[in-house]
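Chain A is the first sequence line, chain B the second, and so forth, proteins listed ahead of strands; every chain is numbered from 1.
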Amino acid sequence: MDLLASLNPQQRQAVEHGIGPALVLAGAGSGKTRVITHRIAHLIKNAAARPENILAVTFTNKSAGEMRERVQKLLGPHRTAEPLISTFHSFCVRLLRREIEHLGYRRDFSIYDTDDQKRLVKQILQEFGRPEAELTPREVLSRISYAKNHNIPPESYITRFDSPFAEDIQELYRRYNVRLRQSNSLDFDDLLLLAVQVLTRKPELRDYYSDWYRYILVDEYQDTNRPQYELLCLLTSKHRNLFVVGDEDQSIYKFRGADIQNILRFEKDFPGTRIIRLEQNYRSTQNILRVAGTVVENNTERKGKTLWTENVNGDVATCHRAQSARDEAIWVAHEIEEILEENRDYHIAVLYRTNFLSRNFEDVLTELSIPYTVVGSVAFFGRMEVKDMLAYLRIIFNPEDDVALLRIINTPARGIGSTTIDTLTQMALEKMVPISQILRQMTKEPQLAGRSSKALIRFEEMLDRWMAKRDTLSKVDLLNTILEDIKYREMLEKEESAQEAENRMANIEELMRAASESETRGETVFEFLDRASLSSELDHFDPNARVALMTLHSAKGLEFDVIFLAGLEEGLFPHAQSMNRKEDLEEERRLCYVGITRARRKLFLTWTPFRRSFGTGSGMASLPSRFLEEMPSELIEGLDTTIGYTYTHSESHRRRQRVEEELDNAFEYREISVSEQALEIEPKTIAELRSYLQKLQGAGSQSAGHRPMLKSGMRVRHAQFGDGIILSRERAGNDIKLVISFSRVGRKTLVEKYAKLQAL
DNA sequence: GATTTACGCCTTTTT
DNA sequence: GGCGTAAATC
């Protein structure tokens, strides 16, 4: 096969690029993966490098797998060696399983996923005993992760961050690291950090690996973070053959530490870089590309490129304003039905900003018996029962893994209660040793009440039995033995409905299959566990499914014939927490760009002013997303009529705020069952809007339970804080935030619907 | 120590 | 409105 024949000139240039650094700026649908796979094949066929000296790095297992397949196809079947195509994280695990002893760790370390991390932090928070700090495990973790991703060790945390909790966080961060170390465990961030560390501290290792990997290719370079960047620097120190492909317009992982500057200043970091732009799109229609392009042009942080295509103009996009979240789902489902009737082989995706939006779509699609798959809500390896079984494996092979031990010590219930567990953890903490060691000690010289001691001894004996067999039994047999011994099925049947127990057992069987496949591949238990920790739901995504539901983030890298972009409302998308800072807003906009460019043929956009977040009451009108406004209206059917009032770009901000305030008041304080009518009008001025709303309000005021509107300047009474004056009142997503100055306790920020304020 | 009930908090995105 | 944790009860 001629590797170059099917490529356009720019793609060919990239594939044929010789030595030295190269940056390929590849727009959506421009054949990014194609360039990487063809380049790998090209290097091998032209004997520039032996397969094993090539490393390609991606972000997801899925894209790594896809790439592997495509390279194999290009190269033909009989090969003695394969290029290493892997994710950053699994590459690091591989490296560390070989070299981590240089850093004083043991090779049999466990990997803590987010759930494990949370358990650990929760425990530390409890010991820490500063409830007034009011830190959630999530918050703590995200700060720790932020620090790790920016190479800030616990010792210098406080000098880098001057927040009221910096001191607490620093201490929590320190303890967290100590505990990880004691548990012989690493978290996701550590995988990268320690890989960097071992290559930095041991120059001979750096020389060895950077010599070995003669050519390194990186996909989705715009999503790399600082440690990943450093890793690449180390690995390319010898040959400098770093070939990266990315699209700054698709950088959507800042929250996870991705640094868009990595791609923006690539040619400064690697002098002599050759830059190649891939601007021809092979995926979408002209109209879809124009919509996407017009939106993303509002960003300033970009290198700038214009996608073009030889494809047809295609349909215009369709925008629909629904009367409720449920109606939105119904409308979408009906459209899907129609599309599938005409085109049975189409792939369709419904994309949304946040996972909880999937619910209505799932409900309605089920009701209409349209088959679908959801990506990302609960990952397979994240399921409770699967994690339980894996925790048993972990503790057998790494007895120091405290989180795994605590997870299963009383699951299923075996008479080891919270007091006993507390004693164990307390002692482990004092002596700075793993809990399993304390357990061993306690069973030798019992210090607890007879019943608890017996339970502990039984547990210990069980562990010993498994450990004795761990090297002779296969993974499947070991898992089966455990399953029998602990009577897991019985526990499920007792605790759950028959159906639920069945589902969970089915998942365990699925796990057994995975274990036996791993066995045939000849993997060690650690390789099996590593795969489980590093896998995500996306990896199991079935590309043959006709209808897929997923978040915009999960959709990156995928393509569909038809895309539904749902929940296009201010506060939802762009998300409330990303609306205040310019760079966050730009990331939201890129997310929108990613969503639109997933579509091959047709784009649908939906929103509703009447999405109710939860429960009844406090229903609040939402405004259409600013991204809708940014789209070229001539290419969006239904856009003009959807927006109930109009505001122009230049005057928008101030006016938008006032319109919002009026709407919020109207919808929140009168218990009108909000009808579509409310936004049918198109008032030209604020005054018109207000008088219309007053009319509505007059009509509804007889109805029970209407509360007075709160406005800044008003005096209010709070049950705890006493009397105060409202300093400001503004919208934050689906909530309204009040800043109130209380005479007794000073200034507080409260969420209006929770605050139960009484107007004075 | 286990089970039931009450309460509070939620909803950003993931290797 | 639903899930998970904390308190209350067996």
Side-chain angles (χ1 to χ4, degrees), chain A residues 57-64 86-93 111-115 117-118 122 126 134 136-138 141-142 145 149 186-192 220 223-225 227-228 251-258 325 351-360 375-377 379 381-382 384 410 412-422 448-449 451-452 455 494-495 530-539 550-556 567 571-579 584 587-588 590-591 594-595 611-618 732-735 751 753-754:
Chain A
V57 204
T58 65
F59 275 84
T60 64
N61 297 301
K62 183 175 180 300
S63 53
S86 139
T87 65
F88 272 104
H89 291 269
S90 44
F91 174 79
C92 291
V93 173
I111 300 171
Y112 278 12
D113 68 10
T114 320
D115 184 60
Q117 294 182 60
K118 248 190 216 153
K122 209 182 257 171
Q126 270 165 14
E134 275 185 349
T136 64
R138 261 170 59 115
L141 269 178
S142 88
S145 176
N149 280 320
L186 309 182
D187 65 17
F188 283 145
D189 297 324
D190 290 341
L191 296 176
L192 292 162
E220 311 273 19
D223 287 333
T224 49
N225 63 19
Q228 285 160 342
S251 162
I252 55 173
Y253 284 110
K254 176 169 170 247
F255 69 93
R256 208 166 81 188
L351 308 182
Y352 33 79
R353 176 67 233 263
T354 58
N355 263 315
F356 82 102
L357 245 69
S358 74
R359 192 178 204 101
N360 279 310
V375 177
S377 37
F381 286 106
M384 173 199 97
N410 200 33
R414 53 173 72 89
I416 304 176
S418 51
T419 11
T420 314
I421 295 173
D422 282 349
L448 287 166
R451 193 150 44 125
S452 318
K494 207 170 107 210
E495 285 185 359
D530 291 347
R531 185 189 301 280
S533 327
L534 297 176
S535 93
S536 76
E537 179 79 359
L538 191 57
D539 306 327
M550 68 185 90
T551 63
L552 286 151
H553 282 87
S554 310
K556 196 174 73 163
L572 240 188
F573 188 35
H575 195 274
Q577 286 171 45
S578 307
M579 284 178 14
D584 291 342
E587 178 143 317
E588 295 284 307
R590 291 194 289 269
L591 201 48
V594 167
R611 190 181 306 280
R612 280 192 289 184
S613 39
F614 46 90
T616 45
S618 75
N734 277 330
D735 293 330
V751 174
K753 67 181 164 200
Y754 298 130

>> Just N and O in the side chain of A:Thr551: are any of them under 4.0 Å from OP1 or OP2 of B:dT14?
In response: yes

> Starting at the 5' end of DNA chain B and moving along, which residue's nearest nucleotide shows up first, A:Gly415 or A:Glu588?
Replying inline: A:Gly415

>> Side chain of A:Phe356, heavy atoms from C-beta onward: which of B:dT11, B:dT15, B:dT14 has the nearest atom to it?
In response: B:dT11

> In whole Å, what separates the C1' atom of B:dT11 from that of C:dG4?
Replying inline: 15 Å

> Separation of A:Leu192 atom CG from B:dT14 atom P, in whole Å?
Replying inline: 18 Å

>> Over 60° means perpendicular and under 30° means parallel, so tell me whether A:His553 and A:Tyr253 are parallel, tilted or perpendicular.
In response: tilted

>> Using a heavy-atom cut-off of 4.0 Å across all strands, would you classify A:Asn410 as base, sugar-phosphate, or nothing?
In response: sugar-phosphate

>> Please report the distance, rounded to the nearest Å, between CG in A:Leu351 and P in B:dT12.
In response: 19 Å

> Just to confirm, is there a sub-4.0 Å distance from OP1 or OP2 of B:dT13 to any side-chain nitrogen or oxygen of A:Asn355?
Replying inline: yes

>> Using only atom types and a distance under 3.5 Å, with no angle test, would you say the side chain of A:Arg353 pairs donor to acceptor with the backbone of A:Phe573?
In response: no

>> Output the rounded distance in Å from CZ (A:Phe88) to P (B:dT15).
In response: 14 Å

> How would you list, by chain and number, every residue that makes a side-chain hydrogen bond (donor to acceptor under 3.5 Å, both in side chains) with A:Asp584, sequence neighbours excluded?
Replying inline: A:Lys254

> Picking from B:dG1, B:dT12, B:dT13, which would you name as closest to the side chain of A:His575?
Replying inline: B:dT12

> Partners of A:Lys118 by side-chain hydrogen bond (donor to acceptor under 3.5 Å, both in side chains), sequence neighbours excluded?
Replying inline: none

>> Whole angstroms only, please: what is the CZ-C1' distance between A:Arg359 and C:dG2?
In response: 7 Å

> CG of A:Leu141 versus C1' of B:dT14: gap in Å, rounded?
Replying inline: 13 Å

>> Between C1' on C:dG4 and NZ on A:Lys118, what's the gap in Å once rounded to a whole number?
In response: 11 Å

> A:Phe59 near the nucleic acid: base, sugar-phosphate alone, or nothing, with a heavy-atom cut-off under 4.0 Å?
Replying inline: sugar-phosphate

> When you measure from the side chain of A:Tyr352 to the backbone N and O of A:Ser358, does any donor-acceptor pair fall under 3.5 Å?
Replying inline: no

> Can you check the A:Asp187 CG to B:dT15 C1' distance for me, whole Å?
Replying inline: 11 Å

> Can you tell me if A:Asn410 uses its side chain to pair, donor with acceptor, with the backbone of A:Ile416 under 3.5 Å?
Replying inline: yes

>> Under a 3.5 Å distance rule, please check whether A:Thr87 uses its side chain to pair with a backbone N or O of A:Thr58 as donor and acceptor.
In response: no

>> How many whole angstroms separate atom OH of A:Tyr352 from atom C1' of B:dT13?
In response: 12 Å

> Between A:Ser554 and B:dT14, does any side-chain N or O lie under 4.0 Å from OP1 or OP2?
Replying inline: yes

>> If the test is side-chain contact (heavy atoms from CB on, under 4.5 Å), which one of A:Val375, A:Leu351, A:Thr60 qualifies with A:Ser554?
In response: A:Val375

> For nucleotides 5-10 of chain C, read 5' to 3', which letter fits each nucleotide if B means a protein heavy atom sits under 4.0 Å from the base, S means only the sugar-phosphate is that close, and - means neither?
Replying inline: S-----

> Between A:Thr420 and B:dG1, does any side-chain N or O lie under 4.0 Å from OP1 or OP2?
Replying inline: yes

>> Using a heavy-atom cut-off of 4.0 Å across all strands, would you classify A:His89 as base, sugar-phosphate, or nothing?
In response: base

>> Between A:Asn225 and B:dT15, is there a contact of a side-chain N or O with OP1 or OP2 at under 4.0 Å?
In response: no

>> What's A:Thr114 touching, base or sugar-phosphate or nothing? Going by heavy atoms closer than 4.0 Å.
In response: base

> Between A:Tyr253 and B:dT14, do the rings stack, that is, sit under 5.5 Å apart with planes less than 30° off each other?
Replying inline: no

